[in-house]
Amino acid sequence: MTEHWQARRSGPSPQRPGDRRTPWQRDRARVLHSAAFRRLQSKTQIMNVGENDFYRTRLTHSLEAAQIGTSLINQLHHVGNENERALLPDLNLMETLCLAHDIGHPPFGHGGETALNFKMLASGGFEGNGQTFRIVGKLEAYHAEHGMDLTRRALLGLLKYPVLMPELQAPATLDNPGSLAQWRPAKALFACDADLLDWVLEPLNSADRERFQAVEQLDKSPWQRSLHKSFDASLMELADDIAYGVHDLEDAVVTGTLSEAQWHAHLDHVVNTLDGELGTLMGKLGTQLFSKEHSVRKDAIGALVNIFVTAVRVEQVLPAAQEPLIRFNAVLPEAQRFLLDSLKAVVFEHVINQPSIQQLRYRSQTMLLNLFSAFHNEPLRLLPHNTRARWQTAYDSQGQASADRILCDYIAGMTDDYAERMYRNLFVI
């Protein structure tokens, strides 16, 4: 099993002279030194980059998720049984997954993701996690064909949704989306990356693969939800959720976006449902979060993270699966899961859903819609030389949809600042 999951798509490669690093340390280094990772410093987490120098960016969020991810590993190492400890990813692998999990997100956060998905409906759609998979497996410049050429287990751990995008129904015109809310992306990988997905899942037998890729069709096509993820991906996603639910909450409290009265209006009923020590602790932390003393607030934030890290446990989610990496997931007990989801809901309601933030999101989405239209209509005139060459090759060999994917790769890779400058260059007189 170890050989399968440590393999790289490029095949065996000799270590550099004197290089004693493990495969997981090499993976981590490739992410850290990639251009895609550096760009996270200028990509929106929730608050637009530049609005306030306190707000977290995608980069700081990813660093915090990595720290939480390694804390989850340490916790399970101490409380898990022998079989669970044997399954735990190396700390370097855990950091790799958390550091890389957001590198596919386009400029302007989920608003930008929705705008690009609308423009790509006729060419296979767009989704941030699918773009992450594409970057690490094909686009980043470490290897001519295989992107960062990460180990198979690292790629499996980045698959939050290990299924391909369903067939999308494009509207009659891609010029007027109406409300963009209706064009939020399906959570899936792009059909053009099916070969990479097949390589990652190659060690699974046919029955395990069928179980692992099961989906639930949601009410509105093309909405679907993949039902499973690997053990490593469950740890990465939990670290991501904790970082979002707790540390982004800290941004809202410290900057005054979330008031103490709003906190109590949303969380008091949640706290009242929690039994015993957890309910008592949350009542105390709710007061400390709004203390005028910075150290008291920071202690409360640390205590919130600790609630979730110390509650993590391992469960079988696919008992019939032969491969342990898909049979087990890291999960939270019901009470802690409900509490974390409630914290995320507070961040959404009092930060993301605020009119001032939504107005910035609308502006940002409009910029990306117009940028895509401009490059789509005049690719040989407006695209940079290297992107133009890739666009031309894709168009000549596979047609418009393939060329649109190259264009989408270019725009998705922009930072917020770069996208704004490009928009001004093209549209502002």
Side-chain angles (χ1 to χ4, degrees), residues 40-72 75 95 98-99 101-102 105 109-110 236-268 270-271 274 278-312 332 335-354 356-358 360-361 416:
L40 295 178
Q41 67 187 303
S42 190
K43 287 195 176 186
T44 293
Q45 170 65 7
I46 293 180
M47 309 292 191
N48 276 29
V49 173
E51 290 293 310
N52 185 306
D53 61 6
F54 179 85
Y55 295 150
R56 287 163 167 87
T57 65
R58 287 278 172 188
L59 178 63
T60 57
H61 163 75
S62 298
L63 292 170
E64 288 172 335
Q67 186 275 321
I68 294 170
T70 57
S71 294
L72 292 169
Q75 176 70 17
E95 285 198 8
C98 293
L99 293 173
H101 82 280
D102 266 354
H105 275 264
H110 288 291
M236 176 267 287
E237 187 170 50
L238 181 54
D240 183 25
D241 279 353
I242 295 171
Y244 169 68
V246 178
H247 291 303
D248 290 341
L249 172 69
E250 181 183 13
D251 280 359
V253 171
V254 174
T255 59
T257 309
L258 175 68
S259 69
E260 188 169 6
Q262 290 168 330
W263 165 270
H264 286 296
H266 278 261
L267 266 296
D268 280 356
V270 173
V271 172
L274 301 175
L278 182 57
T280 302
L281 176 60
M282 280 304 301
K284 177 182 176 182
L285 295 180
T287 300
Q288 291 180 345
L289 273 174
F290 295 91
S291 170
K292 296 185 183 300
E293 295 184 33
H294 181 67
S295 61
V296 175
R297 291 198 307 267
K298 289 302 293 185
D299 185 62
I301 291 296
L304 281 172
V305 172
N306 186 67
I307 286 172
F308 304 117
V309 169
T310 57
V312 65
L332 290 177
Q336 284 81 0
R337 184 75 253 181
F338 176 60
L339 175 58
L340 182 54
D341 288 343
S342 298
L343 295 181
K344 292 167 62 180
V346 169
V347 173
F348 178 83
E349 181 59 32
H350 289 287
V351 182
I352 297 173
N353 209 32
Q354 286 300 298
S356 60
I357 297 297
Q358 289 301 315
L360 285 171
R361 174 175 285 196
D416 294 17

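Not measured: the values here are computed from a predicted model. All residue numbers refer to positions in the sequence shown, counting from 1.
Judged by distance alone, with hydrogens and angles left aside, the side-chain atoms of H101 form a donor-acceptor pair with the main-chain N or O of C98 at under 3.5 Å. In this structure, S71 contributes its side chain and Q67 its backbone to a donor-acceptor pair below 3.5 Å. In this structure a side-chain-to-backbone donor-acceptor pair under 3.5 Å is present from K43 to H105.
For T280, the side chain to side chain contact (heavy atoms under 4.5 Å, CB included) criterion is met by no residue, not counting sequence neighbours. Under the side chain to side chain contact (heavy atoms under 4.5 Å, CB included) criterion, V271 pairs with M282, sequence neighbours left out.
For the pair L99 and L40, the tightest heavy-atom approach, listed with the atom from each and the gap, is O-CD1, 4.1 Å. For A239 against A65, the heavy-atom pair with the smallest separation is CB-O, 3.4 Å. Closest approach of L340 to D241, counting heavy atoms only: CD1-O, 3.7 Å. The nearest pair of heavy atoms linking A300 to L285 is CA-CD2, 3.9 Å.
Distance check, rounded to the nearest 0.5 Å: CG of L289 to CG of L249 gives 6.0 Å. Between the OG atom in S62 and the CD atom in Q41 there is a gap of 12.0 Å [rounded to 0.5 Å]. Between atom CG of residue L63 and atom CG of residue L59 there is a gap of 4.5 Å, rounded to the nearest 0.5 Å. A distance of 7.5 Å separates CZ of F338 from CG of L274, quoted to the nearest 0.5 Å.
No donor-acceptor contact under 3.5 angstrom links the side chains of E64 and T60, judged on distance only. Checking H61 against D248 by side-chain atom types alone, no donor-acceptor pair falls below 3.5 Å. Looking only at atom types and distance, the side chain of H294 has a donor-acceptor partner in the side chain of R297 under 3.5 Å away. Defined by atom type and a distance below 3.5 Å, a donor-acceptor pair is present between the side-chain atoms of Q262 and S259.
Considering only heavy atoms from C-beta on, I68 comes within 4.5 Å of H247 through its side chain. Between L343 and F308, the closest side-chain pair of non-hydrogen atoms falls below 4.5 Å. Contact of the Q336 side chain with the L278 side chain is registered, since non-hydrogen atoms from C-beta on lie closer than 4.5 Å. The closest side-chain heavy-atom distance from V254 to E250 is below 4.5 Å. Side-chain contact between V246 and I307 is absent, with no heavy-atom pair separated by less than 4.5 Å.
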Please determine whether side-chain contact (heavy atoms from CB on, under 4.5 Å) holds for the pair S42 and T57, giving the CA-CA distance in whole Å, both sets of side-chain angles, and the decisive distance to 0.1 Å.
CA-CA 7 Å; S42 190; T57 65; over 6 Å; no

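Of the charged side-chain nitrogens involved, at least one lies within less than 4.0 Å of a carboxylate oxygen, so that D102 and R58 count as a salt-bridged pair.
When each of H266, H350, E349 is checked for a side-chain contact (heavy atoms from CB on, under 4.5 Å) with L258, only H350 meets the rule.
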